[in-house]
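Have a look at the structure below before the remarks.
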Protein chains: 2
Amino acid sequence: MAEGNTGGESLLFLTDEQLRKGIEAMFFAYRGFTADPDRILEGMDYGRAHHRAIHFIHRSPGTTVSNLLGILGVTKQSLNRVLRTLIDDGLVEARVGKDDKRERNLHLTAKGQELERQLSDAQRARMRAAYRAAGPAAVQGFRTVLEAMMDPEMRRQYQSLREGEK
Amino acid sequence: MAEGNTGGESLLFLTDEQLRKGIEAMFFAYRGFTADPDRILEGMDYGRAHHRAIHFIHRSPGTTVSNLLGILGVTKQSLNRVLRTLIDDGLVEARVGKDDKRERNLHLTAKGQELERQLSDAQRARMRAAYRAAGPAAVQGFRTVLEAMMDPEMRRQYQSLREGEK
DNA sequence: AATTTACGTCAGCCTTGTTGACTTTCCAAG
DNA sequence: CTTGGAAAGTCAACAAGGCTGACGTAAATT
């Protein structure tokens, strides 16, 4: 009932019950979201933290450690442990900064790009299936709500990574 | 350009670039999603795992341990550690099953409900703000995509918790 | 009577987060 | 030129919260 009333003045979508459903949807969907990469990584010596580092280095090649710390929201000690193994295993290269030699510019090696591709292929496949099933209008709404849900600082990070958007 | 073309036959929303944006939106939004309860719980002896247990016990009063295991997707040892502290601290009550005395029916005590309210108020507040900012149509799309992203088993769990939906 | 189920628990391990302290390197301002 | 502070790396210790394996008990089922 009142299903057609989505014109804007209806506030039925703001009931506690609707909000709780949204909360649970986030919980269950996030599980699916991470499931495929987790499966790939289990058995390797890597975990979700490695995936995140690889993702954002791929996304912004040459990014610095500080920059990555800001994006991932962890301590440098925590990130360093992850980065250390990736560098030692030859998946990530840390080049001394040209202008500021204190900085390290991070890049994926060929081997690192191979794993990145494997992980993001899996994650994109699920995303693609969900998008296709839901349709373009739903996808638009999906992105709008997620963006509104972010902390302002995270929203900045998210948006600043969007050069080249159509 | 081509912005208006969201009519259904356009597949622009399925490009790798669009998918990657969706992936990052999930990552950043989930951080926001958990930020407020995390803040409340830090300092107490509890964490996100306790929050999840409290949420679903509140959601399905009288639920059994096995049932909760299925929803949360963790091992009984992991859940037990969390449940143990909640019971010892008087937030959760475990009543011996009436029909089947092997089962434990879990309920929140008054004290448990107090914490649950505090946590879910905070989480709902963010959700409400996001929903309000995005509008009813976006919320509809948000839920549709999230549901499509779940593993089939999780989708069952999600939907089976929806009695009483309008 | 034997087996299965539901739950609890002990012990040990791993990942990934934390704090605190310290060093090295380097840029930039005094 | 010296010095203060930022950037990065590292060591140590710890905690939360996952995991496996093994074992025990009570109750239900066969």
Side-chain angles (χ1 to χ4, degrees), chain A residues 27 30-31 34-35 37-57 62-89 92-107, chain B residues 27 30-31 34-35 37-57 62-89 92-107:
Chain A
F27 173 70
Y30 198 78
R31 290 258 292 276
T34 58
D38 282 356
R39 244 188 305 276
I40 291 171
L41 290 165
E42 101 180 349
M44 307 194 194
D45 287 351
Y46 306 130
R48 216 175 276 183
H50 301 83
H51 180 194
R52 291 197 282 260
I54 287 172
H55 175 96
F56 285 106
I57 293 172
T63 188
T64 63
V65 174
S66 309
N67 191 12
L68 210 48
L69 285 177
I71 290 172
L72 298 176
V74 298
T75 59
K76 64 174 177 171
Q77 293 91 330
S78 197
L79 175 58
N80 194 254
R81 177 170 35 201
V82 164
L83 230 37
R84 186 76 266 134
T85 70
L86 292 176
I87 292 170
D88 289 350
D89 294 353
V92 167
E93 191 188 353
R95 301 180 195 154
V96 172
K98 195 187 171 192
D99 288 357
D100 185 337
K101 294 177 190 161
R102 290 168 303 180
E103 296 184 343
R104 298 292 179 273
N105 295 117
L106 304 170
H107 298 266
Chain B
F27 172 71
Y30 198 77
R31 289 258 293 276
T34 57
D38 283 357
R39 244 188 305 276
I40 292 171
L41 289 165
E42 99 181 351
M44 306 194 195
D45 286 352
Y46 306 131
R48 218 176 273 183
H50 300 85
H51 181 194
R52 292 196 281 261
I54 288 173
H55 175 96
F56 285 106
I57 293 171
T63 188
T64 64
V65 174
S66 312
N67 190 12
L68 209 47
L69 285 178
I71 289 172
L72 297 177
V74 298
T75 60
K76 64 172 177 173
Q77 293 93 328
S78 198
L79 176 57
N80 193 254
R81 177 170 36 198
V82 163
L83 228 38
R84 187 75 269 135
T85 69
L86 292 175
I87 292 169
D88 289 350
D89 294 353
V92 167
E93 192 188 352
R95 301 179 195 154
V96 171
K98 194 188 173 193
D99 289 358
D100 186 335
K101 294 178 191 160
R102 291 170 306 179
E103 297 184 343
R104 301 288 180 275
N105 296 116
L106 304 170
H107 298 266

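Every heavy atom of this structure was used, including side-chain atoms; hydrogens, water molecules and symmetry mates were not. Residue numbers begin at 1 in each chain, while the letters A, B, ... track the order of the sequences.
- Taking atom CD1 on B:Ile87 and atom C1' on C:dG8, their separation rounds to 10 Å, with Å as the unit.
- When the C1' atom of D:dA16 is taken as reference, atom CG of B:Leu79 falls 15 Å away, rounded to whole Å.
- Contact annotation: the side chain of A:Thr85 approaches that of A:Tyr46 to within less than 4.5 Å [non-hydrogen atoms, C-beta and beyond].
- Comparing A:Arg52 and B:Asn105 along DNA chain C, the residue whose closest nucleotide (by nearest heavy atom) sits nearer the 5' end is B:Asn105.
- As rounded to whole Å, 11 Å separates atom P of D:dC19 from atom CG of A:Asp38.
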Chi angles and distances behind the side chain to side chain contact (heavy atoms under 4.5 Å, CB included) call for B:Arg104, B:Val96: CA-CA 5 Å; B:Arg104 301 288 180 275; B:Val96 171; 4.3 Å; yes
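- Put simply, A:His50 has a side-chain N or O that comes within less than 4.0 Å of OP1 or OP2 on C:dT16.
- In this entry the distance linking NZ of B:Lys76 with P of D:dA22 reads 13 Å, nearest Å.
- Distance check, rounded to the nearest 0.5 Å: CD of B:Gln77 to CG of B:Leu69 gives 9.0 Å.
- Whole-Å rounding puts the B:Glu42 CD to D:dA15 C1' distance at 14 Å.
- On a pure distance criterion of 3.5 Å, no polar donor-acceptor pair joins the side chain of B:Gln77 and the base of C:dG12.
- When rounded to the nearest whole Å, the span between OH of B:Tyr46 and P of C:dG17 equals 24 Å.
- The structure places CZ of A:Arg48 at 3.5 Å from OG1 of A:Thr34, a figure rounded to the nearest 0.5 Å.
- Listed pair B:Arg84 / C:dT9 meets the phosphate criterion, a side-chain N or O lying under 4.0 Å from OP1 or OP2.
- The shortest distance between the side-chain N/O atoms of B:Ser78 and the OP1/OP2 oxygens of D:dG17 is not below 4.0 Å.
- A:Arg102 contributes no side-chain N or O that forms a donor-acceptor pair with the base of C:dT25 under 3.5 Å.
- Between A:Arg81 and B:Glu103, the residue whose closest nucleotide on DNA chain C is further toward the 5' end is B:Glu103.
- When rounded to the nearest whole Å, the span between CG of A:Leu69 and C1' of D:dA7 equals 10 Å.
- Within 6.0 Å of atom CG in A:Asp45, 12 or fewer heavy atoms from other residues, nucleotides or ligands are found, so the atom counts as exposed in its surroundings.
- Among the protein residues, B:Asp99 comes within range of the sugar-phosphate backbone only, with heavy atoms under 4.0 Å from sugar or phosphate atoms but none that close to a base.
- For the pair A:Asn80 CG and D:dC11 P, the computed distance is 9 Å after rounding to whole Å.
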